[in-house]
There are 2 protein chains.
Amino acid sequence: MATSDPVYLRVVEDIRRQITDGTLPPGAPIPSRAQLTRKYQVGETAARHALRVLAGEGLIIGRVGSGHYVRERPDLTPLYRWRFLDHPAPFAADLQSQGRRVTWDWHSEPAEAGPDIARRLRLPESATLTKTHYVFRGDGKPLQLATSYELREFAAHSDEERRSLVARMYGHGIKITEIVESVHTRIPRPVESDALDLAAGVHVLHVERTHWAGDRPVETSDIVIPGDRFRVMYSMPV
Amino acid sequence: MATSDPVYLRVVEDIRRQITDGTLPPGAPIPSRAQLTRKYQVGETAARHALRVLAGEGLIIGRVGSGHYVRERPDLTPLYRWRFLDHPAPFAADLQSQGRRVTWDWHSEPAEAGPDIARRLRLPESATLTKTHYVFRGDGKPLQLATSYELREFAAHSDEERRSLVARMYGHGIKITEIVESVHTRIPRPVESDALDLAAGVHVLHVERTHWAGDRPVETSDIVIPGDRFRVMYSMPV
DNA sequence: CGATGACCGCTGGAGCCCCAACTTTGCGAT
DNA sequence: ATCGCAAAGTTGGGGCTCCAGCGGTCATCG
């Protein structure tokens with residue numbers, strides 16, 4: 001409306017509107033730079049800039065030699081589902097029930113905890129282990145990236161093993177009593193972009209999960225999920 | 001490493017590294033376009049482009065006439081906290097306990113449900129009401145934007161009122177038995193950018209909350225939260 | 001008839017330039 | 001010592017151009 005707005009914004013907003021209201025469905029081609037200059041009566045710089053902004057937002061994707069297209073954004077599939085007494089979160093089973101195979105890959109390497117991890121585990125900045133999991137769908141598409149920090153003594157490779165180690169460590173009768181998750185969103189780090197095969201402009205959901213045994217935190221993990229393809233489900237009885 | 005990489009990326013990656021490893025703390029000035037061209041031996045286009053990319057990622061912020069600065073990113077404050085039997089989520093109380101006042105503003109207008117809302121409430125695309133809440137901190141900073149869709153008959157203005165209306169509507173003994181939340185992240189719509197006062201490149205956390213009474217969905221709301229300032233906490237007993 | 005290559009259009013990188021609007025700074029005058 | 005103002009620096013919008021690399025299309029040649 002305001003004619004004082006930069007002209008490239010006029011282009012951005014017009015195309016964005018067409019994408020969000022469905023006029024331009026996923027996969028539809030966006031006019032090329034040359035076409036945009038003619039259509040909106042703007043210079044090539046403005047046309048190019050508009051395309052770059054839209055691509056940066058993750059709404060369109062440019063294929064060199066071909067053109068810009070509205071990005072496919074499949075319906076968000078639930079990645080894992082929290083349900084009362086339904087722990088640990090069986091997201092793999094969830095996906096398998098949808099007919100998708102899930103494969104794992106991991107790579108462990110010991111590391112000192114950073115200050116934030118130490119704070120979360122209420123530990124000095126030592127005696128920790130970093131384990132990075134890569135989780136893939138059967139078709140090879142990446143699902144998530146998880147890094148967990150545990151007391152080094154707890155470095156076990158199955159949930160069962162770990163739980164019994166926890167039990168040994170903390171004496172008899174130790175039991176995870178509460179799981180706290182904190183969700184926020186941020187730009188992916190370069191490693192995450194690679195591992196999760198993220199397009200430009202896609203943010204990640206960062207879930208910090210901490211397992212508590214009474215008033216003692218036992219294990220904490222960072223779960224990183226592509227924000228454009230997945231959702232995290234929480235379900236609580238009232 | 002690969003010298004075939006575009007030069008602007010070299011600049012981006014170098015600055016990004018300095019920001020993430022703390023060499024450039026929040027608030028620190030970034031070299032200007034002219035300085036970058038000299039420092040990295042690149043053209044003005046590349047320098048400018050690097051700054052734009054970093055700004056688009058939300059890592060730096062440009063102030064015209066002054067320069068670019070590392071964005072202040074205060075520690076993420078918990079926005080609301082889910083706890084078993086601690087419903088409805090008392091995020092206002094949570095913030096107040098931190099010495100922050102919270103104020104509300106809302107604006108109601110009836111609307112037909114879109115197809116997705118109808119699906120969530122298992123309703124025909126009618127008989128709904130849209131209510132948009134704006135929630136502010138005492139200092140005027142925006143906290144979140146929530147839009148809830150309820151059966152029109154349930155349009156009440158307090159949680160208590162609404163609950164009793166729900167009870168009347170569905171007969172005696174009706175009770176919300178489960179709350180399901182789904183979290184994902186996406187780029188903000190223009191309204192949300194304005195209402196939440198979002199900087200460029202900041203994504204939002206989108207929480208879809210649905211209240212269930214047995215196998216019947218009763219109310220659903222979309223809660224939109226600035227992804228760079230807040231986190232959502234979930235806490236579950238095991 | 002089928003394969004090969006030339007050609008055109010498109011993206012993305014990169015360079016240089018001009019200008020308006022704004023901030024900061026420093027100098028000079030009161 | 002303080003005020004005001006001008007100059008210098010900086011961002012953001014916008015313009016133009018060149019080029020490499022890629023992807024189709026289409027015509028030509030074997």
Side-chain angles (χ1 to χ4, degrees), chain A residues 1-16 19 24 27-72 193 198-202, chain B residues 1-16 19 24 27-72 193 198-202:
Chain A
M1 279 295 154
T3 49
S4 65
D5 271 7
V7 293
Y8 84 90
L9 263 191
R10 243 184 49 225
V11 183
V12 166
E13 275 159 16
D14 193 51
I15 297 179
R16 184 159 46 201
I19 293 175
L24 287 169
I30 304 290
S32 72
R33 291 200 312 228
Q35 290 172 319
L36 287 179
T37 57
R38 283 195 298 275
K39 179 172 178 191
Y40 292 94
Q41 293 293 308
V42 297
E44 208 229 310
T45 311
R48 168 191 289 239
H49 190 38
L51 290 173
R52 175 167 291 284
V53 167
L54 289 164
E57 287 177 351
L59 282 176
I60 66 177
I61 187 160
R63 274 191 271 278
V64 342
S66 173
H68 280 94
Y69 301 87
V70 180
R71 263 192 70 210
E72 305 284 349
S193 282
L198 298 180
V202 172
Chain B
M1 281 296 151
T3 51
S4 64
D5 271 8
V7 292
Y8 85 89
L9 263 190
R10 242 186 49 225
V11 183
V12 166
E13 274 159 18
D14 193 51
I15 297 179
R16 184 158 46 201
I19 293 176
L24 288 170
I30 304 291
S32 71
R33 292 199 312 227
Q35 291 173 318
L36 287 179
T37 56
R38 283 195 298 274
K39 180 172 179 192
Y40 293 94
Q41 293 293 308
V42 297
E44 203 229 315
T45 310
R48 170 192 288 237
H49 190 37
L51 290 173
R52 175 167 290 285
V53 167
L54 289 164
E57 287 177 352
L59 283 176
I60 67 178
I61 187 162
R63 274 190 271 280
V64 345
S66 174
H68 279 95
Y69 301 88
V70 180
R71 264 190 71 206
E72 305 284 350
S193 281
L198 298 179
V202 173

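Any value given below was found using the heavy atoms of this structure, including those in side chains, with hydrogens, waters and symmetry copies removed. A, B, ... follow the sequence lines: proteins, then strands. Residue 1 opens every chain.
Counting any heavy atom pair closer than 4.0 Å across all strands shown, Gly43(B) reaches sugar-phosphate atoms only and no base atom. Within 4.0 Å of Thr45(B), counting heavy atoms only, lies at least one base atom of the nucleic acid. At a threshold of 4.0 angstrom between heavy atoms, the contacts of Arg48(A) include nucleobase atoms, whether or not backbone atoms are also involved.
Nearest nucleotide to the Val7(A) side chain, out of dG14(D), dC10(C), dA14(C): dG14(D). Comparing dG21(D), dA14(C), dT23(C) by their nearest atom to the side chain of Ser66(B) picks out dT23(C). The nucleotide whose nearest atom lies closest to any side-chain atom of Arg52(A) is, among dG12(D), dG13(C), dC10(C), dG13(C).
At dC10(C), one or more side-chain N or O atoms of Ser32(A) fall inside 4.0 Å of OP1 or OP2 (strictly under the cut-off). A sub-4.0 Å separation between OP1 or OP2 of dC10(C) and a side-chain N or O of His68(A) is absent. For Tyr8(A), a side-chain nitrogen or oxygen approaches OP1 or OP2 of dG13(D) to under 4.0 Å.
Taking each heavy atom of Ala46(A) and Val7(A) in turn, the nearest pair found is CB-CG2, 4.0 Å. Minimum heavy-atom separation, Leu24(A) to Pro29(A): CD2-O, 4.2 Å.
Rounded to an integer number of Å, the gap from OH of Tyr40(B) to P of dA14(C) is 15 Å. Per the geometry, CD belonging to Gln35(A) stands 18 Å off P belonging to dC8(C), to the nearest Å. One can place CG of Leu51(A) at 8 Å from P of dG12(C), the figure rounded to the nearest angstrom. In this structure, Arg63(A) atom CZ and dG9(C) atom P are separated by 21 Å, rounded to whole Å. Going from atom CD of Glu44(A) over to atom C1' of dC17(C) covers 15 Å, rounded to whole Å. To the nearest angstrom, C1' of dG13(C) lies 12 Å from CG of Asp5(B). Put simply, CZ on Arg38(B) is 10 Å from P on dG9(D), counting in whole angstrom units. Nucleotide dG9(C) holds its C1' atom 14 Å from the CG atom of Leu36(A), rounded to whole Å.
At least one donor-acceptor pair closer than 3.5 Å links the side chain of Gln35(B) to the backbone N or O of Ser32(B).
On a pure distance criterion of 3.5 Å, no polar donor-acceptor pair joins the side chain of Arg33(B) and the base of dG9(D).
Proximity of Leu54(B) to Arg16(B): side-chain heavy atoms (C-beta onward) are separated by under 4.5 Å at one or more points. Counting heavy atoms from C-beta outward, Val53(B) and His49(B) have side chains that approach closer than 4.5 Å.
Across the interface with DNA chain D, nearest-nucleotide mapping of Ile61(B) and Gln41(A) shows Ile61(B) to be the residue nearer the 5′ end.
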